[in-house]
Student: 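The structure's right below; bear with me while I get my questions together.
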Amino acid sequence: MTSSPMIQMKGVSKTFNRTIHAVVDVDLEVAEGEVVVIVGPSGSGKSTVLRCINLLEIPTSGSVEVDGFALTDASTDLDRVRAEVGMVFQQFNLFPHLTVLENITLSQRKVRRRSKEEAVTMAMRQLERVGIPDKADAFPRQLSGGQQQRVAIARSLAMEPKVMLFDEPTSALDPEMVKEVLDVMLELAGEGMTMVVVTHEMGFARAAADRLVFIDEGRIVESGLPDEVFSNPSHERTRAFFAKILY
Amino acid sequence: MSEFRSNRAGRITDERPWWDTFPWWSVIIIALLVWMGVQIIINDDYGLAWERIIPGLGLTLKSTVYAFGIALAIALVAGTGQMSRNVVVRNLARTYVEFVRGIPMLPLIFTVALIIVPELTELLNTRLEAWIGWEFKLSFEMRATVTLAVIYGAYMAEIFRGGIQSIPPGQTEAGRSLGLNRRQTMRSVVLPQAMRAIIPPMGNDFIAILKDTSLLSVLGALEITQRARQFSASTFKFREGYFVSAFIYLCLTLGLSVLLGILERRMTRDRQGER
């Protein structure tokens, strides 16, 4: 483990409309190469925590650092740091007016300022990695949900990010497509990518997570090795949650 | 009513016969246009009306194109202005849109063309003359055209705003999370998608502007309607005058909606191959 963490959240709170406390005083450190899985009941604020990491939600208070850059400082160029943090969404959010290839090259060209050849080469490499190079010229609508999500992952990876965030990446998928997406994520974890994953896939958590974080009502209730948290949760709320979702 | 019909063999079917789906309306309209055209050619009174009115076509088309172009620029500024983070810009844009939309077109035309535009040009000219000794002149026709543009700018601003806001926020989030800045996200991700929602109603407004240039006749601009009025008033041939002007407007608007249909079909690039 390196000395300074890749992601460091200190005392992060997010309040909507001054009344809804979605995230309350969250401290979270993620080391380089670590895979953290966040679980919790729906509406518990786990997605908001994730979105605070790349400042898609601006925290009401607290500080967020990624790779040593203080994102919550007004002087930080947010766009530059966001390019280093890939994000995969529940609804894929591919750009429907662009082909798969154009989806993956757009930000490489505009943000990384790569030449067209470089961007295309990188895009094809990432498409090979997620297993669908033959879909380069298709439009997102022509793909299945699982294929779309894999393109979304390739799109993020093409930016060569230091961190990948996954916001319930398999929740909108038909059951038979969940595995193809999880396989890609598992491989990525094996390659040493720093990942923060919000998911309900406990199998993935068990297989890939270095640490499991349980969030309820906007607070981190407990965190630890996945097997320990699964088999021996120390909090009543964690126990109640697992009792509901695990067979 | 059942969604099924029986065919001749007595079986129910969801297939509709050709005469049910054939666009009869286009046959009726084309027949009407041909009949009108023939009248103009063979009937001397209609022919005379045509000769007197058709010189107004140039001004009608010119003010339509200019008004649409200026309105487009105004609409882009006012439409995106309403979504600005700057509180002053946002409220100015909103005020303009609400003000113009809330007043009927005819009184607005009088007010803008006869009061606001002259006052503004005078204000501008006292300054300009002092600086460079040059005077800014707006022809009467141009004044009327600008008026139309100011009015339609407000309607079209709402189309821009609606089109942009119809794009799910996830698209912006995806763009921003890839490191694109606000402007890049707007230009490469949101606007191209919004154009699909924007172009059809914009085309409708183009046709509406074309028709509403007839309102400029109240200012005395010699476009089609004004020439029809003058012809009818001087010859007492009201039927011929208005018949011919209706014919010209119909040819223009129908031609434009055909063009618009072609444009819309071209816009659906990413839906090809679907279904």
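Residue numbers start from 1 in every chain, and the chains themselves are labelled A, B, ... in the order their sequence lines are given, proteins ahead of strands.
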Student: Which one wins on heavy-atom pair count under 4.5 Å against chain B: A:L78, A:L94, A:N54?
Tutor: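 Max contact count across the listed options: A:L94.
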
Student: Check the surroundings of atom CD1 in A:I58: do more than 12 heavy atoms from other residues, nucleotides or ligands lie under 6.0 Å from it?
Tutor: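 Counting other residues, nucleotides and ligands, CD1 of A:I58 stays at 12 neighbours or fewer.
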
Student: Can you tell me which portion of B:E173 sits under 4.5 Å from chain A's heavy atoms? Options are side chain, backbone, both or neither.
Tutor: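 Both parts, backbone and side chain.
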
Student: Answer yes or no: are there more than 12 heavy-atom neighbours, outside B:R187 itself, under 6.0 Å from its atom CZ?
Tutor: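 No, not enclosed.
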
Student: How about A:F69: does its CZ atom have over 12 heavy atoms from other parts shown lying under 6.0 Å from it?
Tutor: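 Open.
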
Student: Between A:F89 and chain B, which part of the residue has a heavy atom less than 4.5 Å away: side chain, backbone, both or neither?
Tutor: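 Only the side chain of A:F89 comes within 4.5 Å of chain B.
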
Student: Looking at every non-hydrogen atom in both residues, tell me the closest pair between A:H97 and B:S188 and how far apart they are.
Tutor: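 Here A:H97 and B:S188 meet closest at NE2-O, 3.0 Å.
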
Student: With rounding to the nearest 0.5 Å, note down the distance linking CZ in A:F95 to OG1 in B:T185.
Tutor: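 Between atom CZ of A:F95 and atom OG1 of B:T185 there are 7.5 Å.
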
Student: Can you confirm whether B:F99 is buried at CZ, in the sense that more than 12 heavy atoms of other residues, nucleotides or ligands lie under 6.0 Å from that atom?
Tutor: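 Open.
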
Student: State, yes or no, whether a side-chain contact exists between A:P96 and B:Q171 at a heavy-atom distance under 4.5 Å.
Tutor: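 With C-beta onward as the side chain, the pair touches.
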
Student: Quick check on A:R112 against chain B: is it the side chain, the backbone, both or neither that has a heavy atom closer than 4.5 Å?
Tutor: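 Contact with chain B: none, neither part.
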
Student: Give a yes or no on whether B:R90 atom CZ has more than 12 heavy-atom contacts from other residues, nucleotides or ligands under 6.0 Å away.
Tutor: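 More than 12 within 6.0 Å, yes.
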
Student: More than 12 foreign heavy atoms under 6.0 Å from OH of B:Y155: is that the case here?
Tutor: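 Atom OH in B:Y155 is packed in, count exceeds 12.
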
Student: Looking at every non-hydrogen atom in both residues, tell me the closest pair between B:R176 and A:D79 and how far apart they are.
Tutor: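 Shortest heavy-atom separation between B:R176 and A:D79 comes out as NH2-OD1, 3.1 Å.
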
Student: Where is the tightest heavy-atom contact between B:L178 and A:S156, given as atom of each residue plus distance?
Tutor: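 Looking at all heavy atoms of both residues, the shortest contact is CD2-CA, 4.2 Å.
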
